[in-house]
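Before any comments, here is the structure.
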Amino acid sequence: MDNFLKAKNILKKYNQEHLLNFYNELDDVQKEFLLNQILRIDFKQIFDLYEASKIDEVIPCNLIEPLHYFDKTKMTCDEVNMYTQIGEEYIKRCEFAVVTMAGGQGTRLGYKGPKGTFELDIVPKKSLFEILCDNLKKANKKYNVTIPWYIMTSIYNDESTKQFFKDKNFFGYPKDSIKFFSQSQLPLIDINGNLILEETYKIKEASNGNGDVFESLKRHNIIQDMKNKNIKWIFFSGVDNVILDIVDPVFIGITADSNTLISSKTLLKKDVNAPDWIFARRNGKPAIINSSHLNDDMKIAKDENGYDLYREINMLAHLFNISAIEFIANRNFPYHRAFKKNTFVNDEGMKQIPESPNTFKFETFIFDAFSYFDDMILLRVKDDDEFAPIKDFNGPHNPEIAKDMYLNKFS
Ligand code: UTP
């Protein structure tokens with residue numbers, strides 16, 4: 001059977017024949033592209049995910065317990081010095097690496113191009129990638145090392161990200177120490193349960209969430225690369241937080257000293273009634289849970305030393321031991337459904353930019369890794385010190401606020 005018939009049969013089975021609406025108008029290259037895409041996509045997987053996501057699956061929280069945190073601002077000088085020394089030893093022995101997850105779509109910011117190329121309006125202007133690179137260069141100089149930097153991209157921004165680094169001469173970073181790796185993707189589904197076209201010859205797909213990072217590291221042989229380099233601790237963060245300390249010896253030191261394999265930096269949840277997700281132990285395992293699982297007393301509960309029990313929120317800053325990464329790279333993470341704004345080709349073959357979210361995206365989250373472990377360390381830091389992400393132009397995480405916080409910290 002030729003590819004056209006094969007593709008047609010698949011689409012018929014899943015009621016998606018509209019994807020071939022413009023087939024007769026395509027040139028040969030476009031026709032081949034579309035057919036190959038249809039044959040590659042796992043329609044069963046995407047429709048299973050879609051059907052499953054209609055049921056509001058709530059993970060049962062039979063037992064919720066607090067997860068202890070260390071507060072960086074309350075540490076004594078001796079403690080800070082001790083953890084710094086432990087962490088610095090790992091950095092100086094070249095046993096520390098950084099992974100930047102830059103495969104997201106950045107739909108809320110709506111910026112054309114990889115989000116890491118978005119420039120902060122300072123003098124001189126600096127892209128988010130350059131800001132991360134500055135952090136690494138500063139640490140390299142201080143410790144006389146070159147920290148390996150792994151950057152996760154998606155099929156959509158891989159080429160443009162690499163080109164951007166080339167154009168900027170890798171910001172002066174030793175270019176052999178930067179490795180790009182592309183994550184996987186899944187098709188998007190509209191509110192009628194249909195896949196959408198991005199071009200008349202192309203089905204719209206998007207990266208499948210930052211939880212794919214471990215599998216992607218494995219697929220691209222990067223875990224092996226890290227092991228060959230004898231790397232022990234790997235820091236994971238996103239691309240958009242302009243004041244995050246990505247090379248933080250205290251964070252490495254406190255994690256290594258605690259004999260745990262994973263840790264996260266956290267922020268204090270200020271409004272106890274806000275619907276944020278918080279760190280807790282769920283059914284005995286570390287997790288991030290919806291605060292609706294907490295009653296009013298739990299929301300404000302403290303331990304005998306005055307430490308909050310349930311107020312640590314996630315800021316996407318995690319440290320993993322290499323053995324933890326190896327272990328979870330072989331696990332299947334659950335998919336979550338997000339509702340996002342995505343341009344599509346309408347019935348007339350015209351591109352249409354929606355005004356509000358119009359498509360379901362299926363994503364795995366890096367924080368779902370935590371429950372595979374018995375314990376983890378949390379290190380609470382202050383928002384002003386380490387949390388200024390850029391998410392959109394109008395909300396609390398906009399470029400203007402991020403710029404002010406950046407200037408406050410660095411000038
Ligand atoms: P966000 O959840 O903020 O998503 O990602 P986003 O893609 O940047 O923006 P929106 O939600 O579409 O507006 C947090 C970090 O995780 C990365 C992002 O690039 C960002 O650095 N990420 C997200 C990935 O690397 N891959 C993904 O599939 C999703």
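Just follow the structure's listing: the first ligand is 1, and inside any ligand the first atom is 1. Values below: every heavy atom of this structure, side chains too, minus hydrogens, waters and symmetry copies.
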Quiz prompt | Lys NZ or Arg CZ of Lys31 over Tyr23 ring: under 6.0 Å, within 45° | solution = yes
Quiz item: Are any of the N/O atoms in Glu363 less than 3.5 Å from those in ligand 1?
Solution: no
Exercise. Only heavy atoms count here, so choose which of Leu186, Ile390, Thr107 is nearest to atom 12 (O) of ligand 1.
Key: Thr107
Practice problem: Describe, in one word, how the ring planes of Phe370 and Phe367 are oriented to each other, choosing from parallel (under 30°), tilted (30 to 60°) and perpendicular (over 60°). | Solution: tilted
Quiz item: Heavy-atom contacts under 4.0 Å between Ala102 and ligand 1: side chain, backbone, both, or neither?
Solution: backbone
Quiz item: Taking distance alone, with no angle check, do Gly106 and ligand 1 share an N/O pair under 3.5 Å?
Solution: yes
Quiz prompt | Stacked cation flag Arg331 on Phe333, 6.0 angstrom / 45 deg | solution = no
Quiz item: Side chains of Glu88 and Val247: does their closest heavy-atom pair fall under 4.5 Å?
Solution: no
Quiz item: Do any nitrogen or oxygen atoms of Gly103 lie less than 3.5 angstrom from nitrogen or oxygen atoms of ligand 1?
Solution: yes
Quiz prompt | Stepwise side-chain hydrogen bond (donor to acceptor under 3.5 Å, both in side chains) test for Thr117 and Tyr111 | solution = CA-CA 9 Å; Thr117 66; Tyr111 166 72; 3.2 Å; yes
Quiz item: Going by the atom numbers of ligand 1, which of them fall below 4.0 Å from some non-hydrogen atom of Gln105?
Solution: 7 (O)
Practice problem: State whether the shortest distance between N or O atoms of Asn210 and N or O atoms of ligand 1 falls below 3.5 angstrom. | Solution: yes
Quiz prompt | Residues which pass salt bridge (charged side-chain N to carboxylate O under 4.0 Å, His left out) with Arg281, listed by chain and number, not counting sequence neighbours | solution = Asp375
Quiz item: Any side-chain heavy atom of Val80 sitting closer than 4.5 Å to one from Lys72?
Solution: no
Quiz item: To the nearest 0.1 Å, how far is atom 15 (C) of ligand 1 from its closest protein heavy atom, and which atom is that?
Solution: Leu316 CD2, 3.5 Å
Quiz item: Gly104 to ligand 1: N or O pair under 3.5 Å?
Solution: yes
Exercise. Using a strict cut-off of 4.0 Å, indicate which atoms of ligand 1 neighbour a heavy atom of Gly238.
Key: 21 (O)
Exercise. Identify, by atom number and element, the atoms of ligand 1 in contact range of Ser207, meaning under 4.0 Å from any of its heavy atoms.
Key: 27 (C), 28 (O)
Quiz item: Among protein heavy atoms, which lies nearest atom 8 (O) of ligand 1, and at what distance?
Solution: Lys115 NZ, 3.4 Å
Exercise. Pull out every atom of ligand 1 sitting under 4.0 Å from any heavy atom of Met152, numbered as shown with elements.
Key: 25 (O)
Self-check item: Row check, Phe251 ring normal vs Lys265 NZ/CZ: under 6.0 Å, within 45°
Solution: yes
Quiz item: Taking side chain as C-beta onward, heavy atoms only, is Gln105 less than 4.5 Å from Lys115?
Solution: no
Self-check item: side-chain hydrogen bond (donor to acceptor under 3.5 Å, both in side chains) assessment of Glu312 paired with Thr266
Solution: CA-CA 6 Å; Glu312 300 316 297; Thr266 61; 2.7 Å; yes
Practice problem: Please determine if Lys204 forms a cation-pi arrangement with Tyr156, meaning its NZ or CZ atom is less than 6.0 Å from the six-membered ring centre and no more than 45° off the ring axis. | Solution: yes
Quiz item: So which heavy atom in the protein is nearest atom 13 (O) of ligand 1, and how far is it from that ligand atom?
Solution: Arg108 N, 2.7 Å
Exercise. Look at atom 10 (P) of ligand 1 and find which of Lys341, Lys340, Met101, Lys391 reaches it with the closest heavy atom.
Key: Lys340
Self-check item: Atoms of ligand 1, numbered as shown, that sit under 4.0 Å from any heavy atom of Val239
Solution: 21 (O)
Self-check item: Nearest-contact summary for atom 26 (N) of ligand 1 - protein heavy atom, Å
Solution: Gln183 OE1, 2.6 Å
Quiz item: Would Arg93 count as a cation-pi partner of Tyr90, with NZ or CZ less than 6.0 Å from the six-membered ring centre and within 45° of the ring normal?
Solution: yes
Exercise. Name the closest protein heavy atom to atom 28 (O) of ligand 1, giving the residue it belongs to and the distance to 0.1 Å.
Key: Gly209 N, 2.7 Å
Quiz item: Where does Asp212 meet ligand 1, judged by heavy-atom distances below 4.0 Å: at the side chain, the backbone, both, or neither?
Solution: neither
